[in-house]
Amino acid sequence: MTGLTLYVRSRQVPAALGAAVAGTALAWLLATAFSVQGEVSSTVLALTVLLLVAVATTTLAGPDDTLDRTAARPWGWLRMSHLATALACVLILLGATLLAGTRFGPFGCVVRDAAGLLGLTALGTAAVGTARSWFLPLGWTLGAAVFPGMGTAGESVTWQTQASDSRPAALVAAALTAAGTVAYVSRGPRHRTSSEPV
């Protein structure tokens with residue numbers, strides 16, 4: 001068994017990928033059943049992206065934090081590749097719906113939301129650990145879904161549900177993507193204490 005195979009299995013990637021496919025299919029079926037043909041609303045899109053990012057979050061740390069802190073593996077390269085692969089999976093799954101009657105789009109919003117939320121989750125993983133890293137993305141996205149943003153400040157705060165041509169939303173998403181990537185690649189997941197869940 002190769003090192004890459006062990007890495008993938010230790011992070012439960014096959015199970016997460018299966019859950020992501022099932023979650024996308026379920027979200028698409030619900031959107032098809034309860035909405036008109038065409039692109040789903042920005043709120044439904046943001047919540048679906050959040051679901052897929054939450055599934056990917058489970059793969060950002062392995063069962064042994066000590067092993068992740070050794071120099072035996074090129075962890076920086078693996079972490080960067082891991083984030084890029086997770087982003088690609090979300091984009092492929094939601095991009096596939098662009099061929100259907102009910103679509104998760106526009107694709108620019110899919111890219112922005114997926115990259116921003118994945119970056120925010122990676123930042124949380126480095127700061128507070130994987131078990132709690134999804135709290136801020138969940139709360140922020142639910143808030144953005146409930147309160148529409150107006151003006152530059154409003155679009156920045158509710159960036160997940162803004163139109164694809166919103167410059168403030170794109171800037172916030174890009175900043176979160178960059179910050180999360182740097183923090184996760186350089187530090188890895190936060191070390192768990194004995195009282196924290198795995």
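These figures come from a predicted structure and were not determined experimentally.
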Are Arg103 and Val40 close enough that some pair of their side-chain heavy atoms sits under 4.5 Å apart? no
Measuring from atom OG1 of Thr43 to atom CD of Gln160, what distance do you get when rounded to the nearest 0.5 angstrom? 10.0 Å
Check the hydrophobic clustering (I, L, V, M, F, W, Y; side-chain heavy atoms under 4.5 Å; chains of links allowed) and say if Trp134 and Leu118 are grouped together. yes
Are there more than 12 heavy atoms of other residues, nucleotides or ligands under 6.0 Å from atom CZ of Phe135? yes
Can you give me the closest heavy-atom contact between Arg187 and Ala126, atom names plus distance? NH1-O, 3.5 Å
Group every Ile, Leu, Val, Met, Phe, Trp and Tyr by side-chain heavy-atom contacts under 4.5 Å, then state whether Leu87 and Leu98 land in the same group. yes
Would you say Val55 and Leu83 are hydrophobically clustered, going by side-chain heavy atoms of ILVMFWY under 4.5 Å? no
Is a side-chain N or O of Ser166 found less than 3.5 angstrom from the main chain of Ala163, in a donor-acceptor match? no
Rounded to the nearest 0.5 Å, what's the gap from CG on Asp113 to OG1 on Thr161? Could you check? 8.0 Å
When you measure from the side chain of Trp28 to the backbone N and O of Thr97, does any donor-acceptor pair fall under 3.5 Å? no
Looking only at non-hydrogen atoms, find the nearest pair between Leu117 and Ala46 and report the distance. CD1-O, 4.3 Å
Kindly determine whether Ser156 and Leu171 satisfy side chain to side chain contact (heavy atoms under 4.5 Å, CB included), including the steps that lead there. CA-CA 8 Å; Ser156 298; Leu171 291 174; over 6 Å; no
Measure the CD-OG1 distance between Gln12 and Thr59 for me, rounded to the nearest 0.5 Å. 9.5 Å
Applying side chain to side chain contact (heavy atoms under 4.5 Å, CB included), run through Leu176 and Trp140 and close with a yes or a no. CA-CA 13 Å; Leu176 291 173; Trp140 197 342; 4.0 Å; yes
CD of Gln162 to CZ of Arg167, rounded to nearest 0.5 Å, is 15.0 Å
Quick one: does Leu50's side chain get under 4.5 Å of Pro137's, heavy atoms only? yes
Determine, using the 4.5 Å side-chain heavy-atom cutoff (strictly less than), whether Leu29 and Leu52 are members of one ILVMFWY cluster. yes
Rounded to the nearest 0.5 Å, how far apart are CG of Leu142 and CZ of Phe147? 10.5 Å
For the pair Thr177 (side chain) and Ala115 (backbone), establish whether a donor and an acceptor sit closer than 3.5 Å, ignoring hydrogens and angles. yes
Which atom pair, heavy atoms only, marks the closest approach of Leu91 to Ala114? CD2-CB, 4.2 Å
Distance (rounded to the nearest 0.5 Å) between Thr48 OG1 and Phe104 CZ: 4.0 Å
Do Arg190 and Thr125 come close enough that some side-chain heavy atom pair is under 4.5 Å? no
Sub-4.5 Å side-chain heavy-atom contact between Pro14 and Val8: yes
Nearest non-hydrogen partners of Ala122 and Gly180, listed with the distance: CB-O, 3.6 Å
Could you pull out the closest heavy-atom pair between Ala61 and Thr130, with the gap in Å? CB-OG1, 3.2 Å
Considering all heavy atoms, the nearest Ser133-Thr57 contact: OG-CG2, 3.0 Å
Quick one, Leu123 and Tyr184 - any side-chain contact, counting heavy atoms below 4.5 Å? no
Co-membership, hydrophobic cluster, residues Leu51 and Leu47, 4.5 Å side-chain: no
